[in-house]
Protein chains: 2
Amino acid sequence: MPQADPDRSVFRAIADPTRRAILDRLRLGPAPVNELAAAFSQSRPAISKHLRILRELNVVSEQKYGRERLYRLEPAELKDVADWILPYRDFWQASLGNLKSYLEQE
Amino acid sequence: MPQADPDRSVFRAIADPTRRAILDRLRLGPAPVNELAAAFSQSRPAISKHLRILRELNVVSEQKYGRERLYRLEPAELKDVADWILPYRDFWQASLGNLKSYLEQE
DNA sequence: ATAATACGTATCCATTTGGTTACGTATTAT
DNA sequence: ATAATACGTAACCAAATGGATACGTATTAT
């Protein structure tokens, strides 16, 4: 039984590098699909599919303006990622601390 | 031409919920494979495959102790996730701020 | 020496993923 | 009215993913 429940979390949204790049672009401000697609060496429908996933996982929202669709960053769900990663912070800070004291031994 | 370059980033490591759970467990301390596998309703080889991916993406390390393999969290790569998510923080804080002032208008 | 344990790996399989081209539709330009 | 633009979606496809079972090997227990 391969995979009963497909992952609906925001982690799937950011798993793909193209989708991360789209989000990075949207951080600068809303953009229509064509502008987003122009930045990648992929077909526009491919970008549309990525946008659909981002939409369904509520990481972006869409607004119709004439024949364009403005895509806008909806960062609320991304907070889940930040929340998940947070407890790990102590670990790499500890490691960096160890490295620091190791270097200072020289 | 579907996908020239497979994603080797840490984002792939944390894309799968089982792997995130493994990492969460390892935050409490190193563990042998059987203990990790016991926590999931998956076969041990399935967990071994997840561990291999986590190993290859340098999110965990393996150390042989007798016939056991101790897996340990290696959080350095996870910092990339934290670094990536960081700039988005301003956005959801802004949204929460807006909500707050909206509520205070009442 | 033999059996049991703790793994990793090989093989196989169904599903998902991420891409493509072809096409349909709403909106704007001519 | 007709053409062009800006999309979304459908159909299709190869590769990747995540699972299972079967098996091999090193280590420990008997």
Side-chain angles (χ1 to χ4, degrees), chain A residues 1-26 29-72, chain B residues 1-26 29-72:
Chain A
M1 232 171 289
Q3 201 85 324
D5 130 70
D7 193 5
R8 290 265 162 271
S9 81
V10 64
F11 290 94
R12 198 190 145 231
I14 65 167
D16 183 87
T18 301
R19 288 198 290 270
R20 287 198 302 279
I22 289 175
L23 293 177
D24 286 342
R25 164 60 189 83
L26 290 181
V33 177
N34 269 344
E35 187 191 320
L36 295 172
F40 303 94
S41 54
Q42 290 178 14
S43 66
R44 188 190 42 73
I47 302 299
S48 269
K49 282 178 66 172
H50 282 306
L51 288 171
R52 181 182 191 160
I53 291 171
L54 292 173
R55 244 188 296 134
E56 287 176 349
L57 297 178
N58 300 307
V59 187
V60 304
S61 64
E62 180 208 271
Q63 195 172 6
K64 229 182 140 180
Y65 270 115
R67 55 187 164 181
E68 290 190 338
R69 318 269 179 122
L70 253 292
Y71 277 84
R72 186 181 311 268
Chain B
M1 237 170 287
Q3 200 87 323
D5 131 69
D7 194 5
R8 290 264 163 272
S9 80
V10 64
F11 290 94
R12 193 185 151 235
I14 66 167
D16 183 86
T18 301
R19 289 198 289 269
R20 286 198 303 279
I22 290 175
L23 294 177
D24 286 341
R25 163 61 189 82
L26 290 181
V33 176
N34 268 345
E35 186 190 319
L36 295 172
F40 302 95
S41 54
Q42 290 178 16
S43 67
R44 187 190 42 73
I47 303 298
S48 268
K49 281 178 65 172
H50 283 307
L51 288 172
R52 179 180 193 164
I53 291 170
L54 292 173
R55 242 188 297 134
E56 288 177 349
L57 297 177
N58 301 307
V59 186
V60 305
S61 63
E62 181 209 271
Q63 194 172 6
K64 230 180 139 180
Y65 270 113
R67 56 187 163 181
E68 290 190 339
R69 320 268 179 123
L70 253 292
Y71 277 84
R72 187 182 310 271

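Values reported hereafter were calculated over all heavy atoms of this structure, with side chains retained and with hydrogens, waters and symmetry mates removed.
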Nucleotide D/dT9, atom C1' - distance to CD1 of A/Ile53 in whole Å | 14 Å
Which residue, B/Leu23, B/Leu26, B/Ile14, forms the side-chain contact (heavy atoms from CB on, under 4.5 Å) with B/Leu54?
-> B/Leu23
Going from CD on A/Glu56 to CZ on A/Arg52, what distance comes out if it is rounded to the nearest 0.5 angstrom?
-> 5.0 Å
Side chain A/Arg44 and base D/dG8 donor-acceptor under 3.5 Å | yes
What's the CG-P distance between A/Asp16 and C/dT17, to the nearest Å?
-> 11 Å
Throw together a table of side-chain donor-acceptor distances under 3.5 angstrom for residues 38-49 of chain B, partners on residues two or more places apart or in other chains.
{"unit_1": "B/Gln42", "atom_1": "NE2", "unit_2": "B/Thr18", "atom_2": "OG1", "d": "3.1"}
{"unit_1": "B/Ser43", "atom_1": "OG", "unit_2": "B/Ala46", "atom_2": "N", "d": "3.3"}

Protein-nucleotide distance (A/Glu56, atom CD; D/dT9, atom P), rounded to Å = 9 Å
Taking A/Arg55 for the side chain and A/Val60 for the main chain, is one N or O donor matched with an acceptor at less than 3.5 Å?
-> no
Is there a donor-acceptor pair closer than 3.5 Å between any side-chain N or O of B/Arg72 and the backbone N or O of B/Gly29?
-> no
Rounding to a whole Å, what distance do you find between B/Arg67:CZ and C/dA4:P?
-> 12 Å
With DNA chain C as reference, determine whether B/Pro32 or A/Arg12 sits nearer its 5' end, using the nearest nucleotide of each.
-> B/Pro32
Rounded distance [0.5 Å steps], CG in A/Leu57 versus OG in A/Ser9 = 7.5 Å
Quick note, B/Arg69 side chain, CB onward, closest among D/dT9, D/dA6, C/dC7 is C/dC7
OP1 or OP2 of D/dC7 under 4.0 Å from side-chain N/O of A/Ser48 = no
Whole angstrom value for the distance that separates C1' of D/dC7 from CD of A/Glu35 | 15 Å
Donor/acceptor link under 3.5 angstrom from A/Lys49 side chain onto base of C/dG19 | yes
Expressed in angstrom and rounded to an integer, what is the separation of B/Leu57 atom CG from D/dT17 atom P?
-> 10 Å
Measure the CD1-NE2 distance between B/Ile22 and B/His50 for me, rounded to the nearest 0.5 Å.
-> 6.0 Å
Would you say a side-chain N or O of A/Tyr65 is under 4.0 Å from OP1 or OP2 of C/dT28?
-> no
Among the nucleotides D/dG19, D/dC7, C/dA29, whichever has the atom closest to the side chain of B/Thr18 is D/dG19
Does B/Ile53 reach the side chain of B/Arg12, with side-chain heavy atoms less than 4.5 Å apart?
-> yes
When you match A/Ala15 and A/Gly66 each to their closest nucleotide on DNA chain C, which lands nearer the 5' end?
-> A/Ala15
Scan A/Tyr71 against the nucleic acid and name what it touches under 4.0 Å (heavy atoms): base, sugar-phosphate only, or nothing.
-> sugar-phosphate
Under-4.0 Å side-chain N/O to phosphate OP1/OP2 contact, A/Lys64 with C/dT27 = yes
Look at the side chain of A/Val33 and decide which nucleotide, out of C/dG8, D/dG8, D/dA29, has an atom nearest to it.
-> D/dG8
Examine C/dT5: is either OP1 or OP2 under 4.0 Å from a nitrogen or oxygen in the side chain of B/Asn34? Give yes or no.
-> no
Once you round it to whole Å, what is the distance between P of D/dG18 and CZ of B/Arg52?
-> 14 Å
Classify the nucleic acid contact of B/Ala46 as base, sugar-phosphate or nothing, counting any heavy atom under 4.0 Å across all strands shown.
-> sugar-phosphate
Separation of D/dT9 atom P from A/Glu62 atom CD, nearest Å, is 8 Å
Looking at the side chain of B/Ser43, which of C/dA22, C/dG8, D/dT21 is the nearest nucleotide?
-> D/dT21
Selection from C/dT27, C/dC7, D/dG19 that lies nearest to any side-chain heavy atom of B/His50 | D/dG19
Stems in DNA chain C: runs of 3 or more consecutive Watson-Crick or G-U pairs, distances under 3.5 Å?
-> C:1-30 with D:1-30
